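Numbers for residues simply follow the sequence, beginning at 1. Just so it is clear, the structure is predicted and the values come from calculations on it, not from any experiment. Basis for what follows: all heavy atoms, side chains included, without hydrogens, waters or symmetry-related copies.
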Amino acid sequence: MKTGVRAASTGDSVAGSSFPYPKVVKLVVAAVILLPLLFYTVSLLRIMGATLAFPWELDQGEGHNVWSAWLLMRGQGPYLDLNHYPFFDINYPPFHFVMMIPLLWVFGPSLLAGRLLADLCVFGLAAAVGAIVWRYSGRNRFATALGVLLILANPYLYIFGVIATVNVSQVMLGAWGLFCLGLAFDKIEANGDVVKADQIRWKPLIAGLALLLAAIYTKQQAVDAVGTGFLFLLWRRPKLAIIAGLVFGAVGGGLFLLIDLVTAHQFYINLIKVNINDFIKRQLLDQWTAYGLTHAPLLLLAAGYAWQTVRKKARLSLWLLYLVTTTLGSALVGKFGAAETYFYSSIAAVAIGAALFCGGFFRNNFNIADFSFLNLKKAVPVLADTSSELTTGPARRVTFSGGLAIGMVVLLVLQNVIFYHTPETPHPWKDLIKGHSGNYVLFGTFPTEAQKAAGQRIADLVKTAKPPIITEEASFAMVNGYEVVTNPSNILVYNQAGLWQSHELTQMVQNGCFGLIVLHGHFLPDVVQAQIPGKYRQVLTEYLPGGEYDVWQLLPGGRTTNPDGCFGH
């Protein structure tokens, strides 16, 4: 019995005690947990196919992202002066748009190209999480499958990961960058412990830093992954961290200055000044409440991983750092215009932490000492046993690990219930979630043929109108080969920040310079919209997944005869 006490207290492996049940039980438990997640993954594939076939916007700004990549491909770039025609800019760095260019060669400026890139990035993120969990779980198949499926089955990614946005690509690049840094500096020992590698692996180090640079040049929110990477470097190799930081800053900063110079300083304005906007405390609370309600079991499991890591000798890990920085970074969801996509980094980190924690029950090195603060008999009375053999040594460890394993299974089953979603069935908790987060339940059902036809009617009117035209969603212009004029959501932010000058656009509307105006969301400032009824008449209202579209047609003789009044148009 003394030997058993020593094994339990030192964390030595006791064969078969981490999940003390027959193999068939393990398989049944794995199936109960993984099959529902696989079902949700099928739902993701179905909605991906439906959205790829739908030619109009599902969410505001999809088309503007595609048009930004199209401008970049043509050598113009999307970092223009929003105060002058065509009143277009974008407030994201360029790397996502660079990645889209090969798809634009094939499909042209269409939402199909943007959404296909987003879909590929969802799978790329799932692959990154899988690679991380595979390596750090000792190649545990259950943990790896769990990590991958927690990404593909997540309802936040199901809803917003299939549209043409930059969010998934940013998180994917950051996760792969951190994986490469782990390859460079971490060594996985035979018993599963993670220790400092004896030698630096330079190729993964360079690749990791390059991927982190690409991530932050995809979206500024990648500062969480970059921060994780350099905190990890400081922990593993402090001197090298300083040198790498200087090189990273020089390359990243030099690239910023170069692009800013080429764009006549619009790069700085669009990426920095436009993104300094209001912080809404109520929005932060509502979004965090919705996220917490939707991910509560996973958050508990990730917290278990954090505690387990802190209790170990190293007291720190790359993925604990990632968990902390992404949790802090998700506070940015309180910014004006932020949405559920701001949780994507946290979702990836939580999936990694939860999968690594759960994987411990399916291998033979789970350490009871990691949870010595718990009193299992008090917490779970049914597992209490008066026998002294269950209070020390391997038997106690079997009982304790068995109790935690049951808790793990219960949490994951509960998470599967909370995650429930299909294209046909609304989220069962939608009313509760919607009370805290307005966007969460807007999408995720199949677009209908009626909605597709409604969009086509708008596009047909655009085709008959003399350009230029204003459309608050870009797809109707792109499908007809017209230039995209205005990025209304950015004009709104510009206007709120006191950076926008309304004179030129207001005068062009007054002079009837636009053959057609399509409003959706009414983001254009009131001073502009107030001029529309004087030269235009509303001829159509259509309802698409993204909401209501109002089409205003130029009145006969409404266009000015003075060419200067339309600035050459």
Side-chain angles (χ1 to χ4, degrees), residues 56-57 59-64 67 80-91 270 274 277-278 280 336-337 438-439 442 454-455 457-462 464-478 480 482-560 562 564-567 569:
W56 320 117
E57 276 85 357
D59 192 24
Q60 195 280 324
E62 280 193 277
H64 296 111
W67 186 249
L80 307 174
D81 188 343
L82 201 60
N83 290 311
H84 300 290
Y85 185 90
F87 314 104
F88 185 89
D89 76 340
I90 201 71
N91 57 344
N270 292 334
V274 171
N277 44 33
D278 293 340
I280 307 168
F336 173 81
N439 293 328
L442 291 181
R457 286 191 289 271
I458 298 174
D460 290 342
L461 278 177
V462 170
T464 61
K466 184 177 180 180
I469 60 101
I470 288 179
T471 171
E472 287 197 320
E473 297 295 1
S475 60
F476 304 110
M478 293 191 301
N480 286 302
Y482 287 3
E483 180 179 26
V484 173
V485 179
T486 74
N487 186 343
S489 62
N490 279 9
I491 289 177
L492 175 64
V493 176
Y494 251 61
N495 192 42
Q496 290 177 340
L499 297 171
W500 194 64
Q501 300 167 10
S502 63
H503 173 74
E504 186 172 326
L505 179 56
T506 302
Q507 187 173 346
M508 289 185 72
V509 174
Q510 287 176 337
N511 291 333
C513 298
F514 303 104
L516 199 74
I517 297 176
V518 181
L519 298 180
H520 167 59
H522 296 267
F523 287 116
L524 290 174
D526 292 342
V527 66
V528 176
Q529 294 191 54
Q531 308 304 318
I532 294 175
K535 290 285 185 175
Y536 300 83
R537 62 187 178 93
Q538 187 171 345
V539 295
L540 187 66
T541 297
E542 296 287 359
Y543 296 89
L544 276 76
E548 180 179 297
Y549 290 75
D550 298 324
V551 183
W552 292 77
Q553 197 172 55
L554 184 66
L555 292 168
R559 179 162 292 189
T560 180
N562 178 9
D564 293 335
C566 284
F567 301 96
H569 293 279

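- The nearest pair of heavy atoms linking G455 to F476 is O-CE2, 3.3 Å.
- Taking R457 as the reference, E542 meet the salt bridge (Lys or Arg N to Asp or Glu O under 4.0 Å) condition, with sequence neighbours excluded.
- Rounding to the nearest 0.5 angstrom, the gap separating the OG atom in S489 from the CG atom in N91 is 7.0 Å.
- Atom NE2 of H64 is separated from atom CD of E57 by 7.5 Å, given to the nearest 0.5 angstrom.
- In this structure E473 satisfies the salt bridge (Lys or Arg N to Asp or Glu O under 4.0 Å) test with no other residue, sequence neighbours excluded.
- Of the inter-residue distances, the one linking H520 atom NE2 with W56 atom CH2 reads 14.0 Å to the nearest 0.5 angstrom.
- Here the side chain of E483 pairs no donor or acceptor atom with the backbone of P468 at under 3.5 angstrom.
- The closest donor-acceptor contact from the side chain of Y536 to the backbone of F514 lies under 3.5 Å.
- Between the side chain of N511 and the backbone N or O of C513, no donor-acceptor pair lies under 3.5 Å.
- With values rounded to the nearest 0.5 angstrom, T464 atom OG1 is found 6.5 Å from Q553 atom CD.
- Of the possible donor and acceptor atoms, none in the side chain of E548 sits under 3.5 Å from a partner among the backbone N and O of T541.
- Rounding to the nearest 0.5 angstrom, the gap separating the CG atom in D550 from the CG atom in L519 is 6.5 Å.
- Listed by chain and number, the residues in a side-chain contact (heavy atoms from CB on, under 4.5 Å) with A465 are I469, L516 (sequence neighbours excluded).
- When atom types are taken as modelled, the side chain of N83 and the backbone of Q501 share a donor-acceptor pair closer than 3.5 angstrom.
- In this structure, W552 and Q529 have side chains that are not in contact, with every pair of non-hydrogen atoms separated by 4.5 Å or more.
- Of the residues listed (E504, H503, Q510), the one engaging Q507 in a side-chain hydrogen bond (donor to acceptor under 3.5 Å, both in side chains) is H503, and it is the only one.
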